[in-house]
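Remember, predicted model here, so these are calculated numbers, not experimental data.
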Amino acid sequence: NPLVQWEEQRQANIGLDITTFNRRLDINLDVYEKTTDKLYNQINLSAVTGSFGIQGNNGKLQNRGVELNVKYKAIKSENFNLNFYANTSYNKSEIKDMVTPDITGANRNVIGGPVYQWFLSPYLGVNQSNGNSLFQTASGAISESLNADVDGVATGKTPFPDWQGGFGLNSDYKGFYLNTHFTYQQ
């Protein structure tokens with residue numbers, strides 16, 4: 001596509017770094033906002049063209065978030081060290097503009113929504129008379145068959161977590177190491 005251009009990004013970041021308790025506790029906090037213009041993604045085309053879409057510049061995306069890291073040096077001696085750490089981050093994305101709206105499929109990019117927002121039809125159970133699944137359409141009607149492009153309802157949810165992070169410990173004793181790391185996302 002000869003019309004493809006580089007994405008343009010603007011970013012603002014404010015951070016705070018604290019070391020206290022005789023250099024045993026380190027805290028790092030960052031708050032950010034990042035805006036991407038000329039967003040490079042799929043541009044949908046009519047299927048009669050022989051292709052469902054092409055890659056190109058189509059929209060504006062804003063990400064806002066916060067990151068927190070904490071590390072505590074619980075024990076520091078000649079033969080034994082023990083450190084605990086934890087980190088967490090929150091990110092909210094929002095499509096600010098779309099030249100060509102993404103209006104088909106289960107994951108869509110629509111103005112005002114998050115990136116790849118799920119558009120789903122609520123499951124209502126089983127039709128007792130024939131065993132077919134029942135779904136609620138976008139108009140509120142109950143149906144056994146769905147058109148995913150028409151009947152999907154915005155959920156506000158995406159495949160990407162809002163919150164993610166981890167925690168763990170690092171220890172060593174005379175050259176033997178024990179490290180753990182646990183992660184989470186929501």
> Between R10 and E8, does any NZ, NE, NH1 or NH2 come within less than 4.0 Å of an OD or OE carboxylate oxygen?
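Salt bridge: no.
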> Should E67 and Y32 count as side-chain neighbours, where that means a heavy-atom distance under 4.5 Å?
yes
> For S77, enumerate each residue passing the side chain to side chain contact (heavy atoms under 4.5 Å, CB included) test, keeping only those at least two apart in sequence or located in another chain.
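Side chain to side chain contact (heavy atoms under 4.5 Å, CB included) list for S77, sorted by chain: F80.
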> Ignoring hydrogens and geometry, is there a side-chain-to-backbone donor-acceptor pair from N22 to R24 under 3.5 Å?
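It does not hold such a pair.
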> K71: what forms a salt bridge (charged side-chain N to carboxylate O under 4.0 Å, His left out) with it, not counting sequence neighbours?
none
> For I18, look at atom CD1 and say whether over 12 heavy atoms of other residues, nucleotides or ligands are found less than 6.0 Å away.
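Yes - once you tally the heavy atoms of other residues, nucleotides and ligands closer than 6.0 Å, there are more than 12.
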> Do Y40 and L61 belong together in a cluster built from hydrophobic side chains that touch within less than 4.5 Å?
no
> First locate atom CG of L146, then atom CG of L134, and finally report the distance between them rounded to the nearest 0.5 Å.
10.0 Å
> Near I142 CD1, under 6.0 Å, is it more than 12 heavy atoms from other residues, nucleotides or ligands?
no
> Flag the pair Q62 / E33 as yes when at least one side-chain heavy-atom distance between them is below 4.5 Å, and no otherwise.
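A side-chain contact exists here, since the closest heavy-atom pair is under 4.5 Å.
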> Measuring from Y90:OH to R64:CZ, what's the distance to the nearest 0.5 Å?
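Atom-to-atom, Y90:OH and R64:CZ are 10.5 Å apart.
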> Can you measure from CD (Q42) to CG (N107) and round to the nearest 0.5 angstrom?
12.5 Å
> May I ask whether Y72 and L68 are part of the same hydrophobic cluster, defined by side-chain heavy atoms of I, L, V, M, F, W, Y residues being less than 4.5 angstrom apart, directly or through others?
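They do share one cluster, since a chain of ILVMFWY contacts under 4.5 Å joins Y72 to L68.
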> Compare every heavy atom of S143 with every heavy atom of S145, then report the nearest pair and how far apart it is.
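For S145 versus S143, the nearest heavy atoms are O-OG, 2.5 Å.
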> With the 4.5 Å side-chain cut-off for hydrophobic clustering, are L82 and Y177 part of the same group?
no
> In this structure, would V4 and L39 fall into the same cluster of hydrophobic residues linked by side-chain contacts under 4.5 Å?
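Unlinked, V4 and L39 end up in two clusters.
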> Is there a donor-acceptor contact under 3.5 Å from the side chain of T19 to the main chain of R23?
no
> For residues 115-128, please give each side-chain donor-acceptor pair under 3.5 Å, one per line with the distance, not counting sequence neighbours.
residue : atom : partner : partner atom : Å
Q117    : OE1  : G156    : N            : 2.8
S121    : OG   : D151    : O            : 3.1
Y123    : OH   : G125    : O            : 3.3
N127    : OD1  : S129    : N            : 2.9
N127    : OD1  : S129    : OG           : 2.7
N127    : ND2  : E144    : OE2          : 2.5

> Working to the nearest 0.5 angstrom, can you tell me the gap between R108 CZ and T158 OG1?
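Taking CZ in R108 and OG1 in T158, the distance rounds to 15.0 Å.
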> Mind checking whether V70 and D26 have side chains closer than 4.5 Å, heavy atoms only?
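No - every pair of side-chain heavy atoms lies 4.5 Å or more apart.
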> Suppose we screen for side-chain hydrogen bond (donor to acceptor under 3.5 Å, both in side chains). Which residues come up paired with D17, at least two apart in sequence or across chains?
N28
> How close do I95 and P114 get, counting heavy atoms only, and between which atoms?
CG1-O, 4.3 Å
> Where is the tightest heavy-atom contact between I111 and K96, given as atom of each residue plus distance?
CG2-O, 3.8 Å
> Could you pull out all donor-acceptor pairs under 3.5 Å where a side-chain atom in residues 159-176 meets a protein atom, sequence neighbours excluded?
residue : atom : partner : partner atom : Å
S171    : OG   : L178    : O            : 2.9
D172    : OD1  : N81     : ND2          : 3.4
D172    : OD2  : N81     : ND2          : 3.3

> Within the structure provided, determine whether Q9 and E7 are in side-chain contact (heavy-atom separation under 4.5 Å).
yes
> Side-chain polar contacts of residues 51-60 - donor-acceptor pairs under 3.5 angstrom, sequence neighbours left out - could you list them?
residue : atom : partner : partner atom : Å
S51     : OG   : G53     : N            : 3.3
S51     : OG   : G53     : O            : 3.0
N57     : OD1  : Q5      : N            : 2.6
N57     : ND2  : Q5      : O            : 3.0
N57     : ND2  : K38     : O            : 2.8
N58     : OD1  : V99     : N            : 3.0
N58     : OD1  : T100    : N            : 2.8
N58     : ND2  : T100    : O            : 3.0

> Shared ILVMFWY cluster between I27 and V31, side chains joined below 4.5 angstrom?
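The answer is yes; both residues are in one hydrophobic cluster.
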> For Q186, does the CD atom sit with more than 12 other heavy atoms under 6.0 Å from it, leaving out its own atoms?
no
